[in-house]
2 protein chains.
Amino acid sequence: MTPKDDGLAGPSLDHCSIAGTLEALGDSWSILVLRELFFGVRRFNEMQSELGISRSVLSDRLARLVNLGVVRTVPYQEPGDRVRNEYRLTRKGVELLPVMVALMGWGDAHVNGGCGPVTLHDKRSGERVRLELRTESGERVEPNEMEPRLSRSARKALATRQ
Amino acid sequence: MTPKDDGLAGPSLDHCSIAGTLEALGDSWSILVLRELFFGVRRFNEMQSELGISRSVLSDRLARLVNLGVVRTVPYQEPGDRVRNEYRLTRKGVELLPVMVALMGWGDAHVNGGCGPVTLHDKRSGERVRLELRTESGERVEPNEMEPRLSRSARKALATRQ
DNA sequence: CAGTATCCCATATGATACTG
DNA sequence: CAGTATCATATGGGATACTG
């Protein structure tokens with residue numbers, strides 16, 4: 001048995017969705033910028049000082065995120081001041097929250113020794129929220145009870161190539 | 001209302017768990033190496049050719065992951081060959097799978113246009129598995145229905161500092 | 001096969017200064 | 001306040017060659 005036989009990886013996975021997301025957001029600042037937005041920080045200067053990121057990089061990252069469609073600018077005006085922009089997550093950006101929740105969960109458990117400085121709550125009930133793996137029929141699944149499979153389309157693509 | 005007032009971010013979050021996890025695994029290769037392990041690829045040379053990563057970087061990354069405790073080496077021996085090592089996820093590494101599932105989910109939806117080359121299944125039932133946000137009492141929560149709060153300990157830390 | 005060591009380069013980042 | 005432009009640097013990564 002060569003290792004190749006039982007592995008799923010291969011040319012068909014060069015652009016697997018994990019790699020795709022990382023290509024879009026896998027640099028060292030994008031996720032942190034999105035975290036700020038998630039945590040309610042919306043303005044350039046505040047993000048900059050919170051994150052300790054350089055102004056040029058923050059400017060670049062925000063532009064990229066807007067371009068990607070995960071962030072949008074919203075005009076606002078302080079009384080007696082000119083109109084400026086603040087930044088908000090788009091729907092596409094909000095759908096990234098599970099990534100942040102997963103990162104936070106692992107960091108809570110394995111970096112911060114069991115719990116972190118932030119907890120997540122349902123806005124209505126106030127109950128704590130967490131991420132779970134479930135089957136379509138609603139059964140909980142542990143991470144080690146899960147296996148990846150090539151989708152039908154990927155198998156077909158692989159077959160024609162061989 | 002200054003933006004500062006309604007944001008959660010601040011000095012107490014410099015080492016929030018998202019940043020912590022990213023610090024450990026946020027480089028451009030670690031997650032991809034872990035993906036290979038998740039997909040069943042365990043040997044150095046195979047990972048190297050699958051990923052198109054340079055040998056030195058792969059070597060370095062594997063060492064770091066072992067050091068972090070998310071990967072361990074397991075000796076194996078091909079008949080008539082000397083003993084070598086292969087790599088496996090530890091429990092701590094397996095607990096990182098939700099991060100990969102979340103990345104995959106977003107990539108499926110927003111990079112690969114609705115579906116990707118890989119699906120995840122319960123080993124037993126074969127049913128598809130996905131990530132869900134739920135309250136402790138089992139209610140499903142949409143990403144936009146969720147808000148972050150400072151934990152009790154973080155509030156206390158913040159209070160003493162001010 | 002499974003690495004390690006060396007060297008070189010591209011690029012990401014930060015510091016600083018400037019602008020509306 | 002909210003950026004943009006320029007520059008210097010550091011670091012990450014690849015290519016290559018070597019070793020057990």
Side-chain angles (χ1 to χ4, degrees), chain A residues 1-7 9 14 19 22-33 36-37 41-68 71-88, chain B residues 1-7 9 14 19 22-33 36-37 41-68 71-88:
Chain A
M1 179 177 79
T2 79
K4 192 99 189 180
D5 292 331
D6 62 335
D14 289 354
L22 290 177
E23 215 157 302
L25 304 163
D27 69 277
S28 38
W29 286 114
S30 292
I31 299 278
L32 258 10
V33 170
E36 292 299 303
L37 295 171
V41 176
R42 295 172 178 163
R43 302 194 183 173
F44 189 93
N45 275 13
E46 201 194 351
M47 285 188 201
Q48 196 253 321
S49 57
E50 294 286 358
L51 290 171
I53 187 179
S54 75
R55 302 179 72 73
S56 32
V57 173
L58 177 57
S59 177
D60 177 79
R61 243 19 66 97
L62 285 168
R64 273 173 40 182
L65 292 171
V66 168
N67 236 276
L68 252 177
V71 171
R72 74 200 147 104
T73 56
V74 178
Y76 75 93
Q77 185 162 24
E78 299 280 345
D81 208 348
R82 72 171 178 77
V83 176
R84 297 177 185 286
N85 282 325
E86 59 178 32
Y87 299 88
R88 305 268 188 106
Chain B
M1 179 177 78
T2 77
K4 192 99 187 179
D5 291 332
D6 61 336
D14 290 352
L22 289 177
E23 216 158 299
L25 304 164
D27 69 278
S28 37
W29 284 115
S30 292
I31 299 278
L32 257 12
V33 169
E36 292 299 303
L37 295 171
V41 175
R42 294 174 178 162
R43 302 194 182 173
F44 190 93
N45 275 14
E46 200 193 352
M47 285 188 201
Q48 196 253 322
S49 57
E50 295 285 358
L51 290 172
I53 188 180
S54 74
R55 302 179 71 73
S56 31
V57 173
L58 177 56
S59 176
D60 177 81
R61 246 15 69 98
L62 285 168
R64 275 172 39 182
L65 292 170
V66 168
N67 236 277
L68 253 176
V71 171
R72 73 198 147 107
T73 56
V74 178
Y76 75 93
Q77 185 162 24
E78 298 281 345
D81 208 347
R82 72 171 179 78
V83 176
R84 298 177 184 285
N85 282 326
E86 60 178 31
Y87 300 89
R88 307 268 187 105

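A note on names: the letters A, B, ... follow the listed sequences, proteins ahead of strands, and every chain is numbered from 1.
Atom CG of B/Asn85 and atom C1' of D/dG20 are 13 Å apart (whole Å). Between A/Gln48 atom CD and C/dT16 atom C1' there is a gap of 12 Å when expressed in whole angstrom units. To the nearest angstrom, C1' of C/dG3 lies 13 Å from CD1 of B/Ile53. C/dA2 atom P lies 6 Å from atom CZ of B/Arg43, rounded to whole Å. Note: CD (B/Glu50) to C1' (C/dA2) measures 16 Å, nearest angstrom. Rounded to whole angstrom, the span from the CG atom of A/Asp60 across to the P atom of C/dT13 amounts to 8 Å. Put simply, CG on B/Leu58 is 10 Å from P on D/dG14, counting in whole angstrom units. B/Glu46 has its CD atom 11 Å from the P atom of C/dC1, to the nearest Å.
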Check against salt bridge (charged side-chain N to carboxylate O under 4.0 Å, His left out), B/Arg88 and B/Glu86: CA-CA 7 Å; B/Arg88 307 268 187 105; B/Glu86 60 178 31; 3.0 Å; yes
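Out of C/dG20, C/dA2, D/dG13, the shortest distance to the side chain of B/Tyr76 is found at C/dA2. The side chain of B/Phe44 lies closest to C/dG3, out of D/dG3, C/dG3, D/dG14.
Checking side-chain atoms of B/Ser30 against main-chain N and O of B/Gly26 turns up no donor-acceptor pair under 3.5 Å. Not one N or O on the side chain of B/Gln48 forms a donor-acceptor pair closer than 3.5 Å with the backbone of B/Ser54.
With A/Asn85 as reference, A/Thr73 is the one residue of A/Val66, A/Thr73, A/Leu62 to meet the side-chain contact (heavy atoms from CB on, under 4.5 Å) rule.
B/Val33 places none of its side-chain heavy atoms less than 4.5 Å from the side chain of B/Val71.
Using Watson-Crick or G-U wobble geometry with both donor-acceptor distances under 3.5 Å, D/dG20 finds its partner in C/dC1.
A sub-4.0 Å separation between OP1 or OP2 of C/dT13 and a side-chain N or O of A/Arg61 is present. Between C/dG3 and B/Tyr87, a contact under 4.0 Å exists linking OP1 or OP2 to a side-chain N or O.
If A/Trp29 and A/Arg84 are placed on DNA chain C by their nearest nucleotide, the residue sitting closer to the 5' end is A/Trp29.
A/Ser56 comes within 4.0 angstrom of a base, heavy atoms only.
Between the side chain of B/Arg55 and the base of D/dA15 there is no donor-acceptor pair of N/O atoms closer than 3.5 Å.
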